[in-house]
Amino acid sequence: MTALGFLYPGHSGEDDYPRIEQLLGSDIRVDLVHTEIGADPHRADALREPGSHAKLAAGVQELRHAGAEAVVWATTSGSFAHGWDGAQEQVRSLAATAGMPASSTSFGFAHAARELGVRRVAVGATYPGEATRLFTDFLAAAGLEVTGAHSAGIGTAAEAGAWGEAELLALARAADSPAAEALLLPGTALRTVAHLPVLEKELGKPVLTANQVTVWEALRLADRRVNAPALGALFTREPLVQV
């Protein structure tokens with residue numbers, strides 16, 4: 001059994017996680033601990049506050065007791081808002097507190113793009129423009145070329161959590177460009193897991209979404225490879241093992 005730990009701010013799209021657990025198989029457990037979110041608006045100052053050391057440390061003990069082998073700070077904006085260096089310090093501090101490998105959703109996007117072998121990406125964000133620019137700056141620091149970014153201008157995670165397939169498809173179409181090798185949809189408030197096959201079929205390219213890459217990043221830290229095509233191209237990089 002591989003136990004994966006996640007610190008998830010507030011309550012919005014967290015039901016993606018049990019869905020992912022079902023698709024991964026019976027020997028992987030996904031443990032989610034909710035952290036205090038404080039103010040919800042997608043402003044740069046408000047985005048940094050939920051990722052403070054004190055708030056992350058408060059949720060770590062429960063994950064340790066659950067036997068987690070790795071922990072991921074399950075938010076994109078709460079990590080990239082600190083900038084590349086600040087996000088690195090954030091996960092170093094989290095790893096030291098947790099006593100296990102740690103990462104965040106923002107680094108999950110960077111590592112997942114590398115796994116897929118893509119360098120040019122498009123971004124479709126629910127955030128206002130300022131927050132979207134912070135994310136594209138983070139991706140640039142990771143060595144990715146952003147071919148274009150579309151901001152839906154939503155002010156809170158709660159609003160994003162109410163989106164369904166129609167809104168996701170509209171965002172994906174608005175953000176995609178022929179030059180992009182993959183589309184990135186940040187925001188762990190978005191419920192995207194059930195719609196990944198439709199999104200990738202519609203665009204004809206890999207689609208990386210926040211909750212998807214968050215769990216993939218935890219598996220990477222735990223040195224696990226899982227073939228789960230329902231979770232998109234990211235989860236089909238390794239061949240199935242014939243038993």
Side-chain angles (χ1 to χ4, degrees), residues 4-23 30-52 55-56 58-60 62-63 71-82 87 90 94 103-109 112 123-132 134-135 138 150-172 175 183-196 198-199 207-218 231-232:
L4 308 175
F6 302 92
L7 298 174
Y8 187 96
H11 296 266
S12 291
E14 68 268 28
D15 45 343
D16 265 359
Y17 290 83
R19 184 186 292 272
I20 293 173
E21 184 180 64
Q22 287 182 324
L23 294 171
V30 172
D31 293 317
L32 199 72
V33 170
H34 294 276
T35 62
E36 184 184 345
I37 191 171
D40 192 20
H42 282 138
R43 299 190 320 268
D45 57 337
L47 293 175
R48 286 189 285 270
E49 208 278 329
S52 67
K55 288 191 175 181
L56 296 184
V60 164
E62 187 174 342
L63 291 176
V71 58
V72 178
W73 171 220
T75 171
T76 324
S77 58
S79 45
F80 72 67
H82 295 264
Q90 186 183 57
L94 179 58
S103 190
S104 66
T105 303
S106 292
F107 287 115
F109 273 111
V123 172
T126 59
Y127 316 134
E130 179 189 12
T132 303
L134 290 174
F135 182 52
F138 184 93
H150 177 79
S151 299
I154 287 182
T156 67
E159 293 173 82
W163 276 26
E165 185 174 282
E167 291 87 353
L168 288 170
L169 282 168
L171 177 64
L183 174 69
L184 278 54
L185 300 178
T188 54
L190 283 174
R191 295 174 169 89
T192 60
V193 170
H195 312 296
L196 280 164
V198 172
L199 287 165
V207 175
L208 299 177
T209 69
N211 293 324
Q212 170 212 39
V213 304
T214 298
V215 175
W216 179 87
E217 179 75 345
L231 290 172

Anything under 3.5 Å between a donor and an acceptor, one on a side chain of residues 160-170, the other on a protein residue two or more places apart or in another chain? List them.
residue: Glu165; atom: OE1; partner: His195; partner atom: ND1; Å: 3.1
residue: Glu167; atom: OE1; partner: Gly164; partner atom: N; Å: 2.9

(request) Go through the steps to decide whether Phe138 and Thr76 satisfy the test side-chain contact (heavy atoms from CB on, under 4.5 Å), and finish with yes or no. (result) CA-CA 10 Å; Phe138 184 93; Thr76 324; over 6 Å; no

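- For Ser104, there are no side chain to side chain donor-acceptor pair (under 3.5 Å) partners, not counting sequence neighbours.
- Interatomic distance, Arg19 CZ to Glu14 CD, rounded to the nearest 0.5 Å: 13.0 Å.
- A distance of 11.0 Å separates OG1 in Thr214 from CH2 in Trp73, rounded to the nearest 0.5 Å.
- Partner of Thr209 under the side-chain contact (heavy atoms from CB on, under 4.5 Å) criterion, chosen from Leu231, Thr105, Leu183, Leu196: Leu196.
- Atom CZ in Phe80 sits 7.0 Å away from atom OG1 in Thr132 (nearest 0.5 Å).
- The aromatic rings of Phe135 and Phe109 sit perpendicular to each other, their planes meeting at more than 60°, with 30° as the lower class boundary.
- Under the side chain to side chain donor-acceptor pair (under 3.5 Å) criterion, Glu21 pairs with no residue at all, not counting sequence neighbours.
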(request) Tell me, with the steps shown, if Leu7 and Leu94 meet side-chain contact (heavy atoms from CB on, under 4.5 Å). (result) CA-CA 10 Å; Leu7 298 174; Leu94 179 58; 3.8 Å; yes

(message) Set out, in order, the CA-CA distance, both residues' side-chain angles and the distance that settles side-chain contact (heavy atoms from CB on, under 4.5 Å) for Leu23 and Val193, then state yes or no.
(response) CA-CA 10 Å; Leu23 294 171; Val193 170; 4.2 Å; yes

(request) Report the C-alpha separation of Leu185 and Leu199 in whole Å, then their side-chain angles, then the decisive distance to 0.1 Å, and conclude whether the side-chain contact (heavy atoms from CB on, under 4.5 Å) test is met. (result) CA-CA 11 Å; Leu185 300 178; Leu199 287 165; 4.2 Å; yes

